[in-house]
2 protein chains.
Amino acid sequence: MSNREANYIKKLRNSGLRPTKQRIKICEALFDRDKTFHFSISDLMKIIKNLHNEKISLATVYNTIHAFQKKGYLKEINLGNENSFYDTNTSLHHHFYDEQTKELIDINSEEVELKKIPTPPSGKKIEDIEVTFKISKNI
Amino acid sequence: MSNREANYIKKLRNSGLRPTKQRIKICEALFDRDKTFHFSISDLMKIIKNLHNEKISLATVYNTIHAFQKKGYLKEINLGNENSFYDTNTSLHHHFYDEQTKELIDINSEEVELKKIPTPPSGKKIEDIEVTFKISKNI
DNA sequence: GACATAGTTTATAATAGTTCTAAACTATAG
DNA sequence: CTATAGTTTAGAACTATTATAAACTATGTC
């Protein structure tokens with residue numbers, strides 16, 4: 001068993017998730033990466049298919065992604081496509097988004113600073129700030 | 001014919017859209033308002049149903065909203081619900097969003113100022129900046 | 001290791017939002 | 001008034017997602 005695999009097993013157990021072989025494979029597909037990773041469920045299905053000859057059922061992929069999201073290992077991002085996207089970068093951060101190419105690029109939170117912040121409606125507090133910079137080809 | 005109706009007819013014609021009675025009714029439902037308006041297609045269907053006894057088919061509502069969006073009279077907003085939302089405020093602006101209550105509140109662009117803006121990837125330029133302040137009940 | 005059990009996976013059905021299709025209808029120009 | 005291109009419509013088709021319920025499996029206990 002690889003070091004990484006053992007680590008996933010430990011993390012899954014610590015989160016109250018049983019380390020099944022499907023979950024470990026999904027961990028490998030998602031987190032064995034240098035950069036943070038953006039994906040849709042259908043992206044992930046394809047990646048799993050290519051990575052292992054064995055397949056994981058669609059329902060399991062949905063279940064697992066939702067479980068990982070609930071445990072805070074994934075963040076859902078909303079770009080207005082018809083389908084949901086997920087981000088392995090769960091820290092506070094921002095995005096460049098190219099609507100043409102559907103490219104999504106992470107921006108570290110230090111790269112963006114707000115000078116003026118509006119006062120929230122009474123009885124509410126600001127929980128999170130997300131800035132999306134819509135970009136396009138520079139002709 | 002009301003003043004407003006005549007105005008909608010003119011605007012539709014100027015945009016290259018034939019002023020059909022369905023489109024005029026949809027204009028009334030959307031734009032006869034003081035405040036900017038946020039809605040989903042199903043919201044709009046209900047509103048039309050209540051406003052007039054006559055119904056407009058779902059396909060027409062979709063067609064019309066898409067046409068209005070293409071002409072720049074509506075802006076799509078992405079909140080990560082399963083369905084699309086639209087905003088009659090097409091100017092550059094930002095939002096408060098309460099995920100619990102699904103409340104969405106417009107923020108004028110003057111209320112938000114950015115001190116530091118990241119440099120876009122080479123060959124790309126920033127087209128638009130959207131800031132979402134996620135809010136929640138202040139306990 | 002065998003067993004019970006609670007958690008998990010799976011194929012499939014069901015649902016929801018949206019888009020497509022093709023026929024009927026209508027605004028508009030000539 | 002007529003021709004035509006644009007529009008509306010019901011319903012089918014499609015896509016993403018969630019629900020269902022039966023088979024399977026990780027885990028703790030003996």
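Below, chains carry the letters A, B, ... as their sequence lines are ordered, and counting in each starts from 1.
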Let me know the distance between [atom1] of [X] and [atom2] of [N], rounded to the nearest Å.
{"X": "B/Ile56", "N": "D/dT7", "atom1": "CD1", "atom2": "P", "result": "15 Å"}
{"X": "B/Lys70", "N": "D/dT7", "atom1": "NZ", "atom2": "C1'", "result": "14 Å"}
{"X": "B/Ile9", "N": "D/dT7", "atom1": "CD1", "atom2": "C1'", "result": "16 Å"}
{"X": "B/Lys25", "N": "D/dT9", "atom1": "NZ", "atom2": "C1'", "result": "15 Å"}

Is the shortest side-chain N/O distance from [X] to OP1 or OP2 of [N] below 4.0 Å?
{"X": "B/Thr60", "N": "D/dT8", "result": "no"}
{"X": "B/Gln22", "N": "C/dT26", "result": "no"}
{"X": "B/Arg23", "N": "C/dA27", "result": "no"}
{"X": "A/Lys55", "N": "C/dT9", "result": "no"}

> With B/Asp106, which residues qualify under salt bridge (charged side-chain N to carboxylate O under 4.0 Å, His left out), at least two apart?
Replying inline: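 Result, salt bridge (charged side-chain N to carboxylate O under 4.0 Å, His left out) vs B/Asp106: none returned.
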>> Looking at B/Asn89, is its backbone amide N or carbonyl O close enough to the side chain of B/Asp87 to form a donor-acceptor pair, meaning the two atoms are under 3.5 Å apart?
In response: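 Such a contact is found between B/Asp87 side chain and B/Asn89 backbone.
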> Within the side chain of B/Arg23, is there an N or O that forms a donor-acceptor pair under 3.5 Å with the backbone of B/Arg18?
Replying inline: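 Yes: the side chain of B/Arg23 pairs with the backbone of B/Arg18.
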> Taking only residues two or more places apart in sequence or in another chain, which ones pass side chain to side chain donor-acceptor pair (under 3.5 Å) with B/Thr90?
Replying inline: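 In terms of side chain to side chain donor-acceptor pair (under 3.5 Å), with neighbours along the sequence ignored, B/Thr90 is linked to no residue.
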>> So, using side chain to side chain donor-acceptor pair (under 3.5 Å) as the criterion, who are the partners of B/Ser109 when residues are at least two apart?
In response: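 Scan of B/Ser109 (side chain to side chain donor-acceptor pair (under 3.5 Å), adjacent residues dropped) gives none.
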> So how far off straight is the helix from C/dG1-D/dC30 to C/dG30-D/dC1, going by the axes through five pairs at either end, to 10°?
Replying inline: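 End-to-end axis angle for the helix from C/dG1-D/dC30 to C/dG30-D/dC1: 30°, rounded to 10°.
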> In B/S/- notation, 5' to 3', how is nucleotides 11-30 of chain D contacted by protein heavy atoms closer than 4.0 Å?
Replying inline: -----SBB-------BS---
> Using the ring of each side chain (for Trp, its six-membered ring), is B/Phe68 parallel, tilted or perpendicular to B/Tyr73, with breaks at 30° and 60°?
Replying inline: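 Answer is perpendicular, since the angle exceeds 60°.
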> A/Ile126: which other cluster members, linking ILVMFWY side chains closer than 4.5 Å, directly or transitively?
Replying inline: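 A/Ile126 shares its hydrophobic cluster with A/Phe96, A/Ile105, A/Ile107, A/Val112, A/Leu114, A/Ile117, A/Ile129, A/Val131, A/Phe133, A/Ile135, B/Phe96, B/Ile105, B/Ile107, B/Val112, B/Leu114, B/Ile117, B/Ile126, B/Ile129, B/Val131, B/Phe133, B/Ile135.
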> Less than 4.0 Å between a side-chain N and a carboxylate O, is that true for B/Arg4 and B/Glu28?
Replying inline: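 Judged by the 4.0 Å cut-off on N to carboxylate O distance, B/Glu28 and B/Arg4 do not form a salt bridge.
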> Can you name the nearest heavy-atom pair linking A/Ile56 to A/Gln22, along with the distance?
Replying inline: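 Result for this residue pair: CD1-O, 3.6 Å.
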